[in-house]
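To start, the structure under review is shown below, and the notes come after it.
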Amino acid sequence: MSKAGAMDLATGLGGKMDKSDVLSAVDKYEKYHVCYGGDEEERRANYSDMVNKYYDLATSFYEFGWGESFHFAHRWKGESLRESIKRHEHFLALQLGLKPGHKVLDVGCGIGGPLREIARFSSASVTGLNNNEYQITRGKELNRIAGVDKTCGFVKADFMKMPFSDNTFDAVYAIEATCHAPDAYGCYKEIYRVLKPGQYFAAYEWCMTDSFDPNNETHQKIKVEIEIGDGLPDIRLTGQCIEALKQAGFEVIWEKDFAAEAPVPWYLPLDKTHFSLSSFRLTAIGRLITKNMVKALEYVGLAPKGSLRVQDFLEKAAEGLVEGGRKDIFTPMYFFLARKPLSENQ
């Protein structure tokens with residue numbers, strides 16, 4: 001049950017921050033990025049502030065246009081976007097072997113769309129880890145509406161410093177979330193620590209593929225557009241994720257870029273040449289209507305100043321994602337399944 005109306009978009013924009021602070025937050029967020037004078041080291045050093053500002057500013061737009069699950073999905077012909085997103089989440093639960101009674105951690109859970117779907121699919125108890133207060137507040141309300149609030153909950157914390165004891169969880173997953181980490185090894189090492197020995201960690205990662213050429217100006221421009229539009233310190237290569245997993249102590253069971261073989265391009269919902277009634281708000285016409293609506297709401301004072309600038313950088317991100325997908329230099333669904341050994345010397 002997602003926010004659907006224009007007023008919900010307007011009132012939610014800015015998250016927990018005072019609405020009068022939205023414009024200055026947009027200024028500060030933009031200045032973390034290269035095209036506004038920022039650099040990668042600054043984004044890494046201040047990743048928590050940058051990502052928090054990003055999700056305070058962007059969450060209402062995401063929920064308005066995308067629904068409760070803020071991620072892409074491997075999609076079959078004849079399958080709707082919503083169906084593919086649910087299947088994408090069910091696949092993760094099956095790979096982890098989730099069962100009733102399992103204690104599961106969702107790292108970087110957003111407002112909990114996948115958490116609720118996976119909990120209902122597997123009957124496991126899922127804890128969502130998130131460092132954004134607004135998303136947690138929204139997620140708790142949606143959990144209550146869905147009836148999973150007795151078995152599922154949220155913890156506000158940084159996934160680089162988790163407030164859990166060693167060997168706590170029966171399984172851990174992350175869906176397009178650990179790309180926000182300033183250091184993949186540090187993030188995976190924390191996941192390794194809180195996971196029980198012999199158990200599994202699965203994720204869909206945002207990565208640059210082997211086709212990415214760092215010396216190609218067009219490729220670099222696309223990468224920068226995705227980073228500023230999606231709150232990322234730096235997008236890693238697929239090989240860097242695998243190396244970081246191994247350094248953290250994991251045994252990599254298998255890995256695959258699901259974007260490479262998707263019958264329907266993963267970026268199709270954002271492609272302006274594509275039209276769909278079922279995901280109308282993501283189409284070129286739907287996004288134009290949203291932009292004009294936000295402009296009008298900001299003009300009359302119902303949406304905070306800076307709202308249109310948020311919509312603009314999200315639009316830039318969409319363009320970067322589509323181009324990155326078309327050129328096969330970026331994937332939002334590099335999947336891996338990794339296991340924590342039963343003993344350190346296994």
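- Side-chain contact check for Thr59 and Gln135: at least one donor-acceptor pair (N or O, by modelled atom type) lies under 3.5 Å.
- Salt-bridge annotation for Lys103 and Asp170: absent, with no side-chain N of the basic residue lying under 4.0 Å from a carboxylate O of the acidic one.
- Annotation: cation-pi geometry satisfied between Lys340 and Tyr192 (NZ/CZ under 6.0 angstrom from ring centroid, within 45° of ring axis).
- In this structure, Phe250 has its ring center closer than 6.0 angstrom to the ring center of Phe201.
- Of the charged side-chain nitrogens involved, at least one lies within less than 4.0 Å of a carboxylate oxygen, so that Arg326 and Glu323 count as a salt-bridged pair.
- Using a 4.0 Å cut-off between charged side-chain N and carboxylate O, Glu141 and Arg144 make a salt bridge.
- With Tyr185 as the aromatic partner, Lys189 does not meet the cation-pi criteria of under 6.0 angstrom to the ring centre and within 45 degrees of the ring axis.
- Without hydrogens or angle criteria, Glu89 side chain to Ile118 main chain gives no donor-acceptor distance under 3.5 Å.
- For Phe91 and Phe335, the distance between ring centers is under 6.0 angstrom.
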Ring pair (Phe, Tyr, Trp, His ring centres under 6.0 Å) evaluation trace for Phe169 with His102: CA-CA 8 Å; Phe169 294 97; His102 275 182; over 10 Å; no
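- Considering all non-hydrogen atoms of both residues, Phe330 and Pro332 come closest at CE2-N, 3.8 Å.
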Derivation of the side-chain contact (heavy atoms from CB on, under 4.5 Å) call for Phe72 and Phe258: CA-CA 11 Å; Phe72 295 97; Phe258 278 105; over 6 Å; no
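- A distance of 6.0 Å or more separates the ring centres of Tyr334 and Trp206.
- The closest donor-acceptor contact from the side chain of Ser80 to the backbone of Glu83 lies under 3.5 Å.
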